[in-house]
Colleague: 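Sending over a structure as structure tokens; questions will come in a sec.
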Amino acid sequence: MKPTQTQLYLPISAFSANSLEKTSKGEMNGRAANRLAPCDRAFHDWYRFVLSFPPHLVSSYIEDFGLKESHLILDPFCGTGTTLVESKLHGIRAIGLEANIFSHFASSVKVDWDIDPDLLRKKALHIANSTLELLKAQGIDDNGLLKGNLKEVPLKTLDPEAAGLLLSKSISPLPLHKTLVLLDSLKEHKEQAYYRHALLALANALVFRISNLHFGPEVGVGKPKMDVPVVASWLHEVDRITNDLQLVQGRSYPNAKVYLGDARDVSSLIEPNSVDAVITSPPYPNEKDYTRTTRLESVVLGFIRNKGELKEMKKNFIRSNTRGVYKGDEDDKYVEDHTEIQKIAESIEKRRKELGKNSGFERLYGRVTKLYFGGMSRHLAELRSVLRPGAQLAYVVGDQASYLRIMIRTGRLLADIAEALGYQLMRIDLFRTRYATATREQLREEVVVLRWPGKKS
Ligand SMILES: C[S@@+](CC[C@H](N)C(=O)[O-])C[C@H]1O[C@@H](n2cnc3c(N)ncnc32)[C@H](O)[C@@H]1O
């Protein structure tokens, strides 16, 4: 007998803690709002930004918007794919767009549930054994961990141009060597369907177990680990993936497609008049560089090989930090007439001069604010043609005071820009507050809820 639509998926409660922080649109503060329940981790934890918005937030807007299986959800800044995974778990089709090549890879793997978990596990064990043998032949016991010194071992290293892109000391020489040996063994399976899952498992192991990185929440370099078991760390991550895939085996879930692209060009990638809802968290004007967060895995696994490739990728980003501003940028012209944004940029510039901050980057603080809102305005303008009339949108953004302590009310300004473009502002929900040490204030992270009424004829 053909299963009915509702029998196709496991109930969402099988994956997520519905009781946890159910009122995610309410007054939660700080960590509680971002915490992941243990049973909210399936698929999401294959690879995740430390500050990704939590699955339960997405889930609550899916419910709030009354989204059903016939609908299509878009996340134009999909990052590591939280919205896409959550939509799929609800049995709803989703499309993602992401400008960072590694995050694009990660989210597209996270929504690919069509591979055989038993085969992945079997092949991973085979690859693990052959890698351990190779290392043994070099005198390296991956599980025994290095005790003496390393001088005799010829270690694999990255190409110097690629190595130059890494945060200094983000990975120690022996763990890097072992990772590159494992990567070579893995690459022999490049043509196989399970390869991408195995590679994502290596990325997660690399970031959270093998490297010296720590996230607090910004990425930084901690105490160097001279040695660490690489193959076992990778197998642990493979295991996590295979366990989750086993949960959904034999069931049918809708497709989620992820495009590598620029959300400011969304209409060139997505069918007109097709999207019923947008649930997303775009960058904020907060000096965060998303290519830094993903730098180690992007470089070690070969997604970015040199400065030129990094720069080309960054050009597709919304300008939210001064290190990602380029000659010829002109998104600021889209907010030329927005008095408040112009005033904020002027105040930042005035404060910069008062404080005598004259470095090349500091001189860009005022401009990047205009470029940021101009870019978001471009995105919202382009988005209109892909939305169905009545489409509902949730944009999660944070207020910011980092540019020389001038307050930027991101949510309110975006709401303003959206209204000028013909969207209806339904409300602004408080998602959570964050304590900002610089200003000793609680900054709001909000969800700007919009509705697209359709083009006025
Ligand atoms: C706040 S993060 C999104 C995190 C996401 N909600 C998740 O679950 O991981 C913002 C994302 O927007 C991406 N981004 C920045 N500019 C973009 C652009 N112009 N087009 C598409 N993605 C962009 C960044 O690379 C980053 O991954």
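Quick caveat, the model's predicted, so the values are computed rather than measured. Just so you know, residue 1 is the first one in the sequence shown, and it goes up from there. For ligands, and for the atoms within them, numbers begin at 1 and follow the listed sequence.
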Colleague: Would you mind checking if Arg292 and Glu218 are paired as a salt bridge, meaning a charged N to carboxylate O distance below 4.0 Å?
Modeller: no
Colleague: Determine whether the side chains of Glu297 and Tyr47 contain a donor N or O and an acceptor N or O closer than 3.5 Å.
Modeller: yes
Colleague: Which pairs of nitrogen or oxygen atoms, taken one from ligand 1 and one from the protein, are under 3.5 angstrom apart?
Modeller:
unit_1   : atom_1 : unit_2 : atom_2 : d
ligand 1 : 6 (N)  : Ser281 : OG     : 3.2
ligand 1 : 8 (O)  : Thr82  : N      : 3.4
ligand 1 : 8 (O)  : Thr82  : OG1    : 2.4
ligand 1 : 9 (O)  : Ser52  : OG     : 2.9
ligand 1 : 9 (O)  : Thr80  : N      : 2.8
ligand 1 : 9 (O)  : Thr80  : OG1    : 2.7
ligand 1 : 16 (N) : Ile318 : N      : 3.0
ligand 1 : 19 (N) : Asp262 : OD1    : 2.9
ligand 1 : 19 (N) : Asn316 : O      : 2.8
ligand 1 : 19 (N) : Ile318 : N      : 3.4
ligand 1 : 20 (N) : Ala263 : N      : 2.8
ligand 1 : 22 (N) : Ala99  : N      : 3.3
ligand 1 : 25 (O) : Glu98  : OE2    : 2.6
ligand 1 : 27 (O) : Glu98  : OE1    : 2.9
ligand 1 : 27 (O) : Glu98  : OE2    : 3.3

Colleague: Are the side chain of Lys110 and the backbone N or O of His44 linked by a donor-acceptor pair below 3.5 Å?
Modeller: yes
Colleague: Less than 3.5 Å apart, any donor N or O on the side chain of Thr291 or Asn100 sitting next to an acceptor on the other?
Modeller: no
Colleague: Quick check with a 6.0 Å cut-off and a 45 degree axis cone: is Lys288 positioned over the face of Tyr284's six-membered ring?
Modeller: no
Colleague: Please check this pair: side chain of Asn204 against backbone of Arg209, looking for a donor-acceptor N/O pair closer than 3.5 Å.
Modeller: no
